[in-house]
Amino acid sequence: GFGMQPAAGGGMFGAAAGPAPPGTGNPPFVVTQREDSSATGPPGTGQKMNYHSIPLMPQYQHKSFEELRYEDYARGNKGTTPQAAAGGGLFGGPATPGAFGGVGVLGAQR
């Protein structure tokens, strides 16, 4: 009831927790190519369009972006985080010496 502690390992509304949903790891993302449906003429003669959208893949077309993101989060996949370069500069590039022969801000030596 209201205010009671949920059972350990339990799911939503007291249901048993099931396995994590599949997410987007298998199969991995590939660009989807489709023919432009607005083209006139016989099929196969229209312009090919490349779509960079995972819900357009046949394996995921029955789910929305939000559902796929939720499933990935439930599996612990929160995407990749960019790693800063060791001693790196802006936008992951290498550190460069300052202006005026390597002298830092207000004349401080680097």
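Closest approach of Glu67 and His62 over heavy atoms only: OE1-O, 4.2 Å. Shown here for Arg75 and Gly23, the closest heavy-atom pair between the two residues is CD-N, 4.1 Å. In terms of heavy-atom proximity, Pro55 sits nearest to Leu68 at CG-CD1, 4.2 Å.
For Pro28, there are no side chain to side chain contact (heavy atoms under 4.5 Å, CB included) partners at least two apart in sequence or on another chain.
A donor-acceptor pair under 3.5 Å is absent between the side-chain atoms of Tyr60 and the main chain of Ser53, judged by distance alone. Between the side chain of Arg34 and the backbone N or O of Leu56, at least one donor-acceptor pair lies under 3.5 Å.
For the pair Met57/Thr24, no side-chain contact is recorded, criterion being any heavy-atom separation below 4.5 Å from C-beta on.
Annotation: the span from Glu35 atom CD to Met49 atom CE amounts to 11.0 Å, rounded to 0.5 Å.
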